[in-house]
4 protein chains.
Amino acid sequence: MVVSGKPQAADKRARLVEGARELIYRQGLERTTLADIAAETNVPLGNIYYYFKTKDELVDAIVAAHAEDRDALLAGLERRKTPRARLKALIGVLDGTRDAVSRYGCQIGTLSTELDKRCGTDASAGSQRLSRSLIDWAERHFREMGQPDPRDLAVTLIAACEGTARLGHSLRDPSVIHRQSQRLRRWIDTLPDAATTEHGGLA
Amino acid sequence: MVVSGKPQAADKRARLVEGARELIYRQGLERTTLADIAAETNVPLGNIYYYFKTKDELVDAIVAAHAEDRDALLAGLERRKTPRARLKALIGVLDGTRDAVSRYGCQIGTLSTELDKRCGTDASAGSQRLSRSLIDWAERHFREMGQPDPRDLAVTLIAACEGTARLGHSLRDPSVIHRQSQRLRRWIDTLPDAATTEHGGLA
Amino acid sequence: MVVSGKPQAADKRARLVEGARELIYRQGLERTTLADIAAETNVPLGNIYYYFKTKDELVDAIVAAHAEDRDALLAGLERRKTPRARLKALIGVLDGTRDAVSRYGCQIGTLSTELDKRCGTDASAGSQRLSRSLIDWAERHFREMGQPDPRDLAVTLIAACEGTARLGHSLRDPSVIHRQSQRLRRWIDTLPDAATTEHGGLA
Amino acid sequence: MVVSGKPQAADKRARLVEGARELIYRQGLERTTLADIAAETNVPLGNIYYYFKTKDELVDAIVAAHAEDRDALLAGLERRKTPRARLKALIGVLDGTRDAVSRYGCQIGTLSTELDKRCGTDASAGSQRLSRSLIDWAERHFREMGQPDPRDLAVTLIAACEGTARLGHSLRDPSVIHRQSQRLRRWIDTLPDAATTEHGGLA
DNA sequence: CATGAATGAGCATTCATTCAT
DNA sequence: GATGAATGAATGCTCATTCAT
């Protein structure tokens, strides 16, 4: 009774986005052709255009999927009780994916880097949004911790994560990511508690 | 006086590498065609192949040029007396180029990201070398400062620089780079001056 | 009252022909896709094939619709009492539609021109019929006027109309059509009223 | 000594324009693919783009070639001594090409009709110029003949020619073109001479 | 009958690479 | 060595037509 129906369309669209995302993650945006994606997802080339009018539109959908995933991920981190724990959990995500990251880089970072070369397009705007909302999330938690300059701290944290991913990838070495993750978590632990630090803390 | 011979060849080669590097920096590796490069450098398209058998070979030369430039840059930093000053001067380079970086990203970072998608090629090996030697340089200075875990500190520093460049570019905001540069310099300043180790201490 | 049955089918078919005709008039035959027509008429793309097995068949129906409209138009002109008045009324039709004609050309002329490039098909035969019957109508009236060479006069008139439409369209100037229409009506007026032949004269 | 050189480039470009023009004349603009043109002219498909960046640019060149040919043709007609003779010679051109015209239509007319559906493009502007300059030429000669309203007379003549070509093509009947050509020449002959007609001629 | 989805041949265009001179 | 031209395999995209339900 609850069976099939006709969820194929949504299925296929999602399958396309997912397959394209994976392929682009591994091969890069510009090196991945729609024919590649068609083969990977078993969707006939011409049919892709039923779901996405252009390659750019598919890329937009991928960026949107990244945004959704990241929102879900951040939401999942809210289970932790304290902002400090949440921030450390974010670092834990990087650490937990260090094998994939050392092989293919950061999903968001590598895509954004290519997107950012497409000046003035929707894609490059999407890239901007992707980065910004991660920073926003971190900022909120640093603020909740009562840190001064929570924005700058957030940028420091996200930049550290992205930079670590970049180097871990370039060096093809997951242990680099692991060790930096530990350092970052320790750094978070070092941050003083709340209001007292407002005037005069060194961070 | 004895010169003449054919300094043109070397000239042209250098012009090609330089023009290609600049163009690829602004447009991305995969989006830049040999025809673009020919036009930019005023070298006839067909003639490029006299100097580089393939596009990949040109890219290798660009990576080599980056390595040279970076060596020269690091060598220039040695004018500073102390390792601390040298490390801060490196950060100063990022800060000083923040306008270009916020517009086009980090020269090495954006190129490496594209190169790293070309698994197993010479290019991706070159990218690895590029990152590694920067870290090596920083490591050496942290060691000279007598820091424990100088390798990890070096990775932390370079990752911070690269991550900052990535975010500054994605957000198109040079001020982000400026503020993070200041934080990084302050961080270097706060590192203890482990003088004991400098002159042979054991710890 | 007894109706209902399924007037929708006929409706839809007519809607398709009408919408397609309009769209093709504005955009040209080869530049108009079945998807365009589906969107314009609110008929699902797949459903078009229930009414027309191929695009060519739809085009045939459009040609047939043009033929019907033209027959109705010519029939309407018969209200005028004299052949002279009827011929002038035909010119009046061109004059009265000069705004649309200067924007999109003559409906029959522009379609025929594209149809005629499809040698040997039914379509090009339809185009031929379309032109011929207009000429036939004019010929009949010139004959009733007792003109010698009524066939040639008819061709002259229709050619003048079509040519005027073509130039008015190319120049995007309705006033050209208006002035030529006046000239043509004046020309019809100057034709001698060869009354003798009307009632059986020999000449 | 005077032999080869390297006129290939110009040759090939001209060959492309000529072949494309012929093919488009026979098959229509939208139905003719660059692959067709490549095959017809024995120019490899990819190589066409060395000479024309887009299909539209090739079309522009075809329009320009038409303009040149038409200028040369009109210039050739100037050999005739009187404007009357020149105008009749223009009609003679139509008459002389009636076989091709009845088979494929008027070169300029059929192309313009398709071009005019491409609103707002360079192409449709080219079409406009093509028509206008023919009319200008005729106007000049009617004026030299001392006719009143030379502009309208010019439009009448060119419209008659174009309309005749359209009908001759639709009916696939060269004799129609021949008879109309005769009528047109007779009409030119009928026009009164010079200034006396200025006030009161009926035309 | 209706319809969203599928299909695949075809199209304009690009571009690294090669060729002829 | 230098260079304009040539080449052909791809690439993104279109569209008439068909299929499955």
For the pair made of CG in Asn42(C) and C1' in dG4(E), what is the distance, rounded to whole Å?
15 Å
Quantified in whole Å, what is the C1' atom distance between nucleotide dT21(F) and nucleotide dC1(E)?
12 Å
Protein-nucleotide distance (Tyr51(D), atom OH; dT13(E), atom P), rounded to Å
18 Å
Take the protein atom CZ of Phe52(D) and the nucleotide atom C1' of dT14(E), then report the distance between them rounded to whole Å.
18 Å
For a quick test of your reading: what N or O donor-acceptor pairs under 3.5 Å do the side chains of residues 40-48 of chain A make, sequence neighbours left out?
residue, atom, partner, partner atom, Å
Thr41(A), OG1, Ile37(A), O, 2.7

side-chain contact (heavy atoms from CB on, under 4.5 Å) between Glu18(D) and Glu22(D): does it pass, once the steps are laid out?
CA-CA 6 Å; Glu18(D) 215 38 55; Glu22(D) 183 62 23; 5.7 Å; no
Looking only at side-chain N and O atoms, does Arg103(D) offer a donor or acceptor that is under 3.5 Å from a partner on His169(D)?
no
Below 3.5 Å between N/O atoms, which protein atoms pair up with nucleotides 13-16 of chain F? Just atom names and distances, please.
residue, atom, partner, partner atom, Å
dC13(F), OP2, Tyr49(A), OH, 3.4
dC13(F), OP2, Lys55(A), N, 2.6
dA16(F), OP1, Lys55(C), NZ, 3.3
dA16(F), OP2, Leu34(C), N, 2.9

Where at least one partner belongs to residues 44-68 of chain C, residue pairs that pass salt bridge (Lys or Arg N to Asp or Glu O under 4.0 Å), sequence neighbours excluded:
Asp56(C)-Arg118(C)
Here the distance between atom C1' of dC1(E) and atom CD1 of Ile48(C), to the nearest Å, is 15 Å
Ignoring backbone atoms, test whether Tyr50(C) places a side-chain nitrogen or oxygen under 4.0 Å from the OP1 or OP2 oxygen of dC1(E).
yes
Got a sec, which pairs hit side-chain hydrogen bond (donor to acceptor under 3.5 Å, both in side chains) with one end in residues 105-116 of chain B, sequence neighbours left out?
Ser170(A)-Asp116(B), Arg172(A)-Asp116(B), Ser112(B)-Ser127(B), Asp116(B)-Ser127(B)
Got a sec, which residues hit salt bridge (Lys or Arg N to Asp or Glu O under 4.0 Å) with Arg31(A), two or more places apart in sequence or on another chain?
Glu30(B)
Pairs counted as Watson-Crick or G-U wobble with both distances under 3.5 Å: what dot-bracket string results for DNA chain F, using | for bases tied to another strand?
.||||||||||||||||||||
Whole Å only: how far is the CG atom of Leu58(D) from the P atom of dC11(E)?
16 Å
How many Å lie between CD1 on Ile37(C) and P on dT3(E), as a whole number?
17 Å
Please collect all ring-ring contact (aromatic ring centres under 6.0 Å, His included) contacts where either partner lies in residues 14-41 of chain C, sequence neighbours excluded, each pair once.
Tyr25(C)-Tyr104(C)
To the nearest Å, how far apart are Arg13(D) CZ and dG4(F) C1'?
15 Å
Set of residues satisfying salt bridge (Lys or Arg N to Asp or Glu O under 4.0 Å) with respect to Asp36(D), sequence neighbours excluded
none
Against the side chain of Lys12(A), the closest entry in dA6(E), dA5(F), dT3(F) is dA6(E)
Tell me, please, which residues at least two apart from Arg129(B) pass side chain to side chain donor-acceptor pair (under 3.5 Å).
none
